[in-house]
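First comes the structure, then the notes that go with it.
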Amino acid sequence: MTDPAVTDLSKDAAARAAVALVEPGMRLGLGTGSTAAIFVRRLAQRVQEEGFALRCAATSKATAELATALGLTVEDLDAIGWLDLTIDGADEVDPDLNLIKGGGAAHLREKIVATASDRMVVIADQGKVVDRLGAFHLPVEVIPFGWQATRTLIQRALDRLELTQRPILLRKRADAPLRTDEGNLVLDLALESIPDAEALAAELSAIAGVVEHGLFLNICELAIIGCPDGSVVELRREDMA
Ligand SMILES: O=C[C@H](O)[C@H](O)[C@H](O)COP(=O)(O)O
């Protein structure tokens, strides 16, 4: 079916393939971002056509609003308890299916939802597939209180990992600091390349003012990569294949 709101063929191909993974009655996590939004549209079409029930939890206010407007039933994650499957986009996907997420500042709720799911599947276009994470600025959600001290601690952590002189940028929207759905700030780390994502994740998680970083390590089990001709390539994590 043609949907005028869906203009990106690659993202649409991935979204359609992911919709086919959804089974009636599933408890489903809905991701955030432009690719996830296409998935939500395609999912709503299928639910309307086939008329089955789903229980959905959203990873952001924006996704909850979109899904609700399209007729999907969205509940609090805690009302559902646990999810069978979460479908979400990503900013980078490496060969081990480790991810950078948070380009839309939703990575905190996204990680909570993904890790409260039996399976997380990523949908993306080919531009998101990288040999090594880090070209995309790594989002780090921080508490507003003392955020500059938190930034100093992040800088010191980067120095310890020999990621020196890497800019740490306060994300803004319309000239004001961006606030996440939780009211926090986002620092974007311009790292160029991340040699040891596990070590970086551990360092960031140890800082008191850091709420969550956008490294999703060993969480995603399948990435569906959409191509402009409408085909998809599936990448699986080797230890789960
Ligand atoms: O915070 C936003 C999310 O992590 C998105 O899933 C990610 O930024 C990818 O978004 P898009 O599909 O728009 O590229």
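Both backbone and side-chain heavy atoms feed into the values below; hydrogens, waters and symmetry mates do not.
- Contacts of Glu141 classified as side-chain hydrogen bond (donor to acceptor under 3.5 Å, both in side chains), with partners at least two apart in sequence or in another chain: Thr180, Asn184.
- Contacts of Asp125 classified as salt bridge (Lys or Arg N to Asp or Glu O under 4.0 Å), with partners at least two apart in sequence or in another chain: none.
- Shortest non-hydrogen contact noted between Ala17 and Ile224 is CB-CG2, 3.8 Å.
- Applying the salt bridge (Lys or Arg N to Asp or Glu O under 4.0 Å) test to Glu198 and every residue at least two apart in sequence or in another chain returns nothing.
- Residues Gly89 and Val122 share a closest heavy-atom pair of O-CG2, 4.2 Å.
- Hydrophobic clustering of Ile, Leu, Val, Met, Phe, Trp and Tyr side chains at less than 4.5 Å, counting indirect connections, unites Val19 with Val47.
- Between Arg237 and Asp96 there is no salt bridge, since no side-chain N of the basic residue sits under 4.0 Å from a carboxylate O of the acidic one.
- When side chains are defined from C-beta on, Pro144 counts as touching Arg179, because their heavy atoms get closer than 4.5 Å.
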Practice item. Apply side-chain contact (heavy atoms from CB on, under 4.5 Å) to Ile225 and Val129, showing your working. Key: CA-CA 8 Å; Ile225 308 301; Val129 180; 3.7 Å; yes
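- With sequence neighbours left out, the salt bridge (Lys or Arg N to Asp or Glu O under 4.0 Å) criterion links Glu23 to no other residue.
- Glu221 has its side chain out of reach of Leu97: every pair of non-hydrogen atoms, C-beta onward, lies at least 4.5 Å apart.
- Grouping the Ile, Leu, Val, Met, Phe, Trp and Tyr side chains by contacts below 4.5 angstrom, directly or via other members, places Phe136 with Leu133.
- In terms of heavy-atom proximity, Ala201 sits nearest to Leu217 at CB-CD1, 3.8 Å.
- The two residues Gly214 and His107 come nearest to each other via the heavy atoms N-CD2, 3.7 Å.
- The existence of a salt bridge linking Lys101 and Asp91 is excluded, since no basic side-chain nitrogen approaches an acidic carboxylate oxygen closer than 4.0 Å.
- Leu21 and Val93 end up in different hydrophobic clusters when Ile, Leu, Val, Met, Phe, Trp and Tyr side chains are linked at under 4.5 Å.
- Two residues are said to be in side-chain contact when any heavy atoms from C-beta on lie closer than 4.5 Å; Phe52 and Leu54 meet this criterion.
- The shortest side-chain heavy-atom distance between Leu187 and Ile154 falls under the 4.5 Å cut-off.
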Exercise for review: Please lay out, stage by stage, how Ile194 and Ile100 fare under the test side-chain contact (heavy atoms from CB on, under 4.5 Å).
Suggested key: CA-CA 11 Å; Ile194 301 173; Ile100 287 182; 4.2 Å; yes
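- Chaining together hydrophobic side chains whose heavy atoms lie under 4.5 Å apart places Ile80 alongside Leu77, Leu83, Leu108, Ile112, Val113, Ile143, Phe145, Val211.
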Return all side-chain donor-acceptor pairs below 3.5 angstrom for residues 28-40, not counting sequence neighbours, or 'none' if the list is empty.
residue : atom : partner : partner atom : Å
Thr32   : OG1  : Thr59   : OG1          : 2.6
Thr32   : OG1  : Ser60   : OG           : 2.7
Thr32   : OG1  : Thr63   : OG1          : 3.3
Ser34   : OG   : Lys11   : NZ           : 2.8

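- Under the 4.5 Å side-chain contact rule for hydrophobic residues, Leu204 and Leu161 share a cluster.
- Two residues are said to be in side-chain contact when any heavy atoms from C-beta on lie closer than 4.5 Å; Pro139 and Arg171 meet this criterion.
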Under 3.5 Å, which donor-acceptor pairs link side chains of residues 162-170 to any protein atom two or more places apart or in another chain?
residue : atom : partner : partner atom : Å
Arg166  : NE   : Leu191  : O            : 3.0
Arg166  : NH1  : Thr164  : O            : 2.7

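- In this view, Glu234 and Arg236 satisfy the side-chain hydrogen bond (donor to acceptor under 3.5 Å, both in side chains) rule, not counting sequence neighbours.
- At distances below 3.5 Å, at least one donor-acceptor pair connects side-chain atoms of Arg46 with backbone N or O atoms of Val22.
- Heavy atoms of other residues, nucleotides or ligands lying less than 6.0 angstrom from CG of Asp131 number 12 at most.
- Listed by chain and number, the residues in a side-chain hydrogen bond (donor to acceptor under 3.5 Å, both in side chains) with Gln155 amount to none (sequence neighbours excluded).
- The shortest side-chain heavy-atom distance between Val140 and Thr150 does not fall under the 4.5 Å cut-off.
- In this structure, Lys111 contributes its side chain and Ile219 its backbone to no donor-acceptor pair below 3.5 Å.
- With sequence neighbours excluded, no residue satisfies salt bridge (Lys or Arg N to Asp or Glu O under 4.0 Å) with Asp94.
- Remark: side-chain polar atoms of Asp76 are not paired, donor with acceptor, to backbone N or O of Asp78 under 3.5 angstrom.
- Grouped by direct or indirect side-chain proximity (heavy atoms under 4.5 Å, Ile/Leu/Val/Met/Phe/Trp/Tyr only), Leu178 sits with Val186.
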Review point. side-chain contact (heavy atoms from CB on, under 4.5 Å) between Arg41 and Leu70: does it pass, once the steps are laid out?
Key: CA-CA 7 Å; Arg41 290 185 182 282; Leu70 293 169; 3.9 Å; yes
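- In this structure, Arg156 places its CZ atom where only 12 or fewer heavy-atom neighbours from other residues, nucleotides or ligands lie under 6.0 Å away.
- One finds no salt bridge joining Glu92 and Arg132 here, because no Lys/Arg side-chain nitrogen approaches an Asp/Glu carboxylate oxygen to under 4.0 Å.
- A heavy-atom distance below 4.5 Å is found between the side chains of Asp12 and Arg42.
- Cluster annotation: Leu189 and Leu185 are assigned to the same hydrophobic cluster (Ile/Leu/Val/Met/Phe/Trp/Tyr, side-chain heavy-atom contacts under 4.5 Å, transitive).
- For the side-chain hydrogen bond (donor to acceptor under 3.5 Å, both in side chains) test, residues two or more places apart in sequence or in another chain that qualify with Arg160 are Glu203.
- Of the N and O atoms on the side chains of Asp88 and Thr86, not one donor lies less than 3.5 Å from an acceptor on the other residue.
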Review point. Could you go step by step and tell me if Leu66 and Leu72 meet the side-chain contact (heavy atoms from CB on, under 4.5 Å) rule?
Key: CA-CA 9 Å; Leu66 175 67; Leu72 295 170; over 6 Å; no
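- Of all heavy-atom pairs spanning Gly230 and Ala13, the tightest one is O-CB, 3.5 Å.
- The local environment of CD in Glu182 is crowded, with over 12 non-hydrogen atoms from other residues, nucleotides or ligands closer than 6.0 Å.
- Taking every heavy atom of both residues into account, Cys227 and Ser10 meet most closely at C-OG, 3.3 Å.
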